[in-house]
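First the structure, in the form of structure tokens, and then the observations on it.
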Amino acid sequence: MNLISKWRSPSNIALIKYWGKYENQIPANPSLSFTLSECYTETSVALKEKKTDEPFSFEVFLDEIPKPGFKKKIEAFFTRIANEAGFLKEYHLEIRTANSFPHSSGIASSASGMSALALCLLSLKEKINEENFYQKASEWARLGSGSAARSIYGGLVEWGRHDNTLNSSDYWAIPYEGKTDPVFQIFCDTVLLVETGSKKVSSTAGHSLMKDHPFANKRFTQAHENLNLLYSAIEKGDLEQFGKIVESEALTLHAMMMTSYPYYLLMRPNTLRVIEEIWRFRRETSVPAYFTLDAGANVHLLFPRYAEQAVGKFVKEVLSPFLQNNKYICDHVGEGPAQIRI
Ligand code: DP6
């Protein structure tokens, strides 16, 4: 048994959205994402002597500052994996974490945070070259936060049972194994920070509103169909088809929020202004840059590396006035998590 471990794990951006889940973090539909590179979390876990009778004894620090507010989600995660990770009940855990992106930037830190934590815990127990290490890490990460299951691998990653994907699973994510046109191998994501600060409605609460949602079943079927269409776009290098599906997925995600009961809105006026400007830029220049949204007001601008210069100029000159403090983060598709020797 190791007594300390540390990992760096990236965030990811979903192209086909996971929105709706069943008991035990089982997704209602399959999802596909790009793993990012520059937006990541670094976490270390140290096992110390336990001094209480509580089932779990642990402390969490973000940038060396205690964060008791993080404990609820982590405790739920520990409860779900306790059968397989018996040591969680035997030690006191010191969890230290730091994000590469500003904490209140509105970038989802649960995917990078929970995947880093799952990797730390698993590598206290198992060697990383053991068979199925990453599969188990993805399974544990899912039990911390669904989207975290996908951050265990680099590139395009799929999670959730899908008829057209051999070995797809609701329990863990798998690296996308279909043919990929080279244009999708070096893809960029500029995260446009429309509004920083925490969200009014958490993703976890949003997922649960899909339970009685009037359009839920149609939406879950659509995700399967969109995944098939996206496969074919990725294989052919068809950027236009890629963009149509990705933008439609983003708007559908937010449409689900607006038609939940209670209904809510996470887009802000500047989210819409940015989207309109992206459409205008594409119409006027034919540069293949497309947006997606996660469960918040920020906009992710996706484009192939060759368009970097044109998009960079557009972001700086046209979009940045709509962003909080004119801030954006230039990221690209990355290679997945890495263990840090300490
Ligand atoms: C909109 O993974 O944050 O980003 O499983 O409750 O932790 P929990 O939810 P979470 O949901 C992410 C939703 C999304 C879409 C996606 O990443 O696929």
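Just follow the structure's listing: the first ligand is 1, and inside any ligand the first atom is 1.
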For ligand 1, which atoms have a heavy atom of K73 less than 4.0 angstrom away? 7 (O)
Is there a heavy atom of M114 sitting under 4.0 angstrom from any atom of ligand 1? no
N/O of T204 under 3.5 Å from N/O of ligand 1, yes or no? yes
How does L253 reach ligand 1, by side chain, by backbone, by both or by neither, if only non-hydrogen atoms under 4.0 Å count? side chain
Can a non-hydrogen atom of R142 be found less than 4.0 Å from any atom of ligand 1? no
Contacting atoms of ligand 1, where contact means under 4.0 angstrom from a heavy atom of K21: 5 (O), 6 (O), 8 (P)
Parallel, tilted or perpendicular, as decided by the 30° and 60° cut-offs, for the rings of F242 and F187: perpendicular
Check each heavy atom of H254 against ligand 1 and say whether those closer than 4.0 Å belong to the side chain, the backbone, both or neither. neither
Could you go through I234 and K236, starting from their C-alpha distance and side-chain angles, then the distance that decides it, and tell me whether this counts as side-chain contact (heavy atoms from CB on, under 4.5 Å)? CA-CA 6 Å; I234 290 171; K236 290 191 214 130; over 6 Å; no
Hey, can you tell me if Y134 and W7 have their rings parallel, tilted or perpendicular (30° and 60° cut-offs)? perpendicular
What part of S110 sits under 4.0 Å from ligand 1 if we count only heavy atoms: the side chain, the backbone, both or neither? side chain
Are any of the N or O atoms of Q25 closer than 3.5 Å to those of ligand 1? yes
Side-chain polar contacts of residues 313-320 - donor-acceptor pairs under 3.5 angstrom, sequence neighbours left out - could you list them?
| residue | atom | partner | partner atom | Å |
| --- | --- | --- | --- | --- |
| K313 | NZ | E317 | OE1 | 3.4 |
| S320 | OG | K316 | O | 2.7 |

Please tell me if the side chains of L323 and V194 come closer than 4.5 Å, counting only heavy atoms from C-beta onward. yes
Does the N or O separation between R150 and ligand 1 drop below 3.5 Å for any pair? yes
Are E247 and R282 within salt-bridge range, i.e. N to O under 4.0 Å? yes
For the pair E249 and K17, evaluate salt bridge (Lys or Arg N to Asp or Glu O under 4.0 Å) and give the outcome as yes or no after the intermediate values. CA-CA 7 Å; E249 276 286 313; K17 308 291 182 183; over 6 Å; no
Is Y18 in polar range of ligand 1, meaning some N or O pair under 3.5 Å apart? yes
Charged N-O contact under 4.0 Å between R273 and E276: no
Test of understanding: given a 4.0 Å heavy-atom threshold, classify the contact between S145 and ligand 1 as side chain, backbone, both, or neither. both
Main-chain N/O of A98 paired with D63 side-chain donor or acceptor, under 3.5 Å: no
A student checking ligand 1 against G146 at a 4.0 Å heavy-atom cut-off should list atoms 2 (O), 5 (O), 7 (O), 8 (P)
I want to know if ligand 1 touches K17 in the polar sense, i.e. an N/O pair below 3.5 angstrom. no
Is there a donor-acceptor pair under 3.5 Å between the side chain of K211 and the backbone N or O of Y22? no
Distance filter under 4.0 Å to A14 heavy atoms, resulting ligand 1 atoms: 16 (C), 17 (O), 18 (O)
